[in-house]
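Take a look at the structure below.
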There are 2 protein chains.
Amino acid sequence: MAENDCRTTLIAAATPLFAERGFNGVSVREIAGVACVNVSMISYYFGGKEGLYAAVLNEQFAVFKGVAEIALLKADPLKKFELYVRGTVARYRRNPYLLRFYTSELTNPTPCFATIVKPAIQGVVKTLQEFFTDGLSHHEFREGLDPTDTALALAGMINFYFLVEPATGELVDHSPRRDEELIRHIMDIFANGALKQGK
Amino acid sequence: MAENDCRTTLIAAATPLFAERGFNGVSVREIAGVACVNVSMISYYFGGKEGLYAAVLNEQFAVFKGVAEIALLKADPLKKFELYVRGTVARYRRNPYLLRFYTSELTNPTPCFATIVKPAIQGVVKTLQEFFTDGLSHHEFREGLDPTDTALALAGMINFYFLVEPATGELVDHSPRRDEELIRHIMDIFANGALKQGK
DNA sequence: GTCTATATTGCGATAGAC
DNA sequence: GTCTATCGCAATATAGAC
């Protein structure tokens, strides 16, 4: 196998395994088996199991850089929130293992949490805080709301929908063809709340 | 050590270890060491490591039964949602490891997911769906909203706030003394949204 | 019920041949 | 770069003494 093929084949094989069973739930033997590559190649290319895991996570969390780019656009703060929601849905659809690494690292952190995961999450939250603070100065949002709590509330609605899917798949349709409705719905609650006017 | 002491000591020692490092991240030797109990007691009382883990999860997820009890109260649907939010915050404060098991099982399921975790989560979601459907028939909520999506949106705001704490602890004050403000804030967004009137 | 001692298996890593 | 073979260690589980 060509030099670079081996690296990428190993990362491709390791990604779903690590995502579904966690770092400690997978052995290097199994990864090598799935990748049809000799076990020793993991040490050769990545310096060991931890190095391979770090390479997987670096690839996964690189996609969060896209959130910061929304800030550069010329658009309403509320429209930017919607772009974040749309981008997040698209991100999870395109990278079906991303959320698992995200929550797995928050719940059972490895050394990668401090170096890769935490900076990525902080970057997203800071960007959302910015949107809200910006919107406040444009008098678009209600004054009583805390920028950070509001940012986390929106991020929570969208992230939790994907997180809880294994438990609620039978109660709710989580298929991609309902994504547009989901986005409209989340933005509607975020913007206007659930209560009837005057209640 | 007395017969029943041994069981409870093992569960008490295993709970934080499993919560922080996951099922595969902890060895029975370590658990026994922390509990100051002989390793073989785990097999004796629980039939093995998996049995001990199941006992821990059963204890943890039993507290979700409290959500169904809200449905029995005579109160507004919106008030019931608030009781759910308050109960959830109190539940996570009282059981500091609960959320870790919750997300760990959603992300890297063990055999306990199907038997313990999934039924517990489905019970909560069904109860919240009920609140919303009930509120719709009382014309308390806006008609365009989907009951399930709305339920998941509220659950997402509150759960995500606690989940993301390891990453945002430096950006946001997650301490219990801010809980009351958090509850008011989440209920405010849920009820009224973030947008200024007329925007 | 609780202990020691051990059986058995699987792990990650690597030396050294090619 | 890639392979085989193996080292050293840690894992869970349990047999059997007390």
Side-chain angles (χ1 to χ4, degrees), chain A residues 1-59 101 104-105 108-113 115-116, chain B residues 1-59 101 104-105 108-113 115-116:
Chain A
M1 191 171 290
E3 318 129 40
N4 225 320
D5 249 28
C6 203
R7 283 192 98 263
T8 55
T9 305
L10 277 168
I11 291 178
T15 300
L17 290 171
F18 279 142
E20 275 156 21
R21 306 218 298 271
F23 178 77
N24 292 304
V26 193
S27 71
V28 288
R29 285 173 152 80
E30 185 175 1
I31 296 168
V34 171
C36 297
V37 157
N38 194 279
V39 207
S40 58
M41 292 298 94
I42 292 174
S43 288
Y44 182 77
Y45 282 109
F46 301 97
K49 187 185 178 183
E50 288 209 32
L52 171 57
Y53 182 74
V56 169
L57 252 65
N58 262 319
E59 186 181 284
F101 288 114
S104 173
E105 282 290 328
N108 306 129
T110 70
C112 291
F113 177 73
T115 56
I116 302 172
Chain B
M1 190 172 291
E3 316 129 40
N4 224 322
D5 250 28
C6 205
R7 284 193 98 262
T8 55
T9 307
L10 276 168
I11 290 178
T15 300
L17 290 172
F18 279 141
E20 275 155 19
R21 306 218 297 271
F23 178 76
N24 292 304
V26 194
S27 71
V28 289
R29 283 169 148 79
E30 185 175 2
I31 297 168
V34 171
C36 297
V37 156
N38 193 281
V39 207
S40 57
M41 293 297 96
I42 292 175
S43 287
Y44 183 79
Y45 282 109
F46 301 97
K49 187 186 179 184
E50 288 209 31
L52 172 56
Y53 182 75
V56 169
L57 252 65
N58 262 319
E59 187 181 284
F101 288 114
S104 172
E105 282 290 329
N108 305 129
T110 70
C112 290
F113 178 73
T115 57
I116 302 172

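The basis for the numbers below is simple: all heavy atoms, side chains too, and nothing from hydrogens, waters or symmetry mates. Numbered from 1 within each chain, the chains take letters A, B, ... in sequence-line order.
In this structure, Phe46(B) atom CZ and dT14(D) atom C1' are separated by 18 Å, rounded to whole Å. Atom OH in Tyr44(B) sits roughly 5 Å away from atom C1' in dG1(C) (whole-Å rounding). For the pair Asn24(A) CG and dA10(D) P, the computed distance is 15 Å after rounding to whole Å. Distance Tyr53(B) OH to dA11(D) C1': 18 Å, rounded to the nearest Å.
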Atom pairs, protein N/O to nucleotides 6-13 of chain C N/O, distance under 3.5 Å:
from    : atom 1 : to       : atom 2 : distance (Å)
dC11(C) : OP1    : Ser27(A) : OG     : 3.3
dG12(C) : OP1    : Val28(A) : N      : 3.4
dG12(C) : OP1    : Lys49(A) : NZ     : 2.8
dG12(C) : OP2    : Val28(A) : N      : 2.8
dG12(C) : N7     : Arg29(A) : NH1    : 2.8
dA13(C) : OP2    : Lys49(A) : N      : 3.0

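For Phe23(B), the ring-ring contact (aromatic ring centres under 6.0 Å, His included) criterion is met by Phe18(B), Tyr53(B), not counting sequence neighbours.
Considering Val26(A), Val37(A), Ile11(A), Thr15(A) in turn, Val26(A) is the only one that fulfils the side chain to side chain contact (heavy atoms under 4.5 Å, CB included) rule with Ile31(A).
In this structure, the separation between CG on Asn24(B) and CZ on Arg21(A) is 9.0 Å, given to the nearest 0.5 Å. Distance check, rounded to the nearest 0.5 Å: OH of Tyr45(B) to CG of Leu10(B) gives 8.5 Å. Here the straight-line distance linking atom CG of Leu57(B) with atom CD of Glu50(B) works out to 11.5 Å at 0.5 Å rounding.
Counting heavy atoms from C-beta outward, Glu105(B) and Ile116(B) have side chains that stay 4.5 Å or more apart.
OP1 or OP2 of dT4(D) sits under 4.0 Å from a side-chain N or O of Asn38(A).
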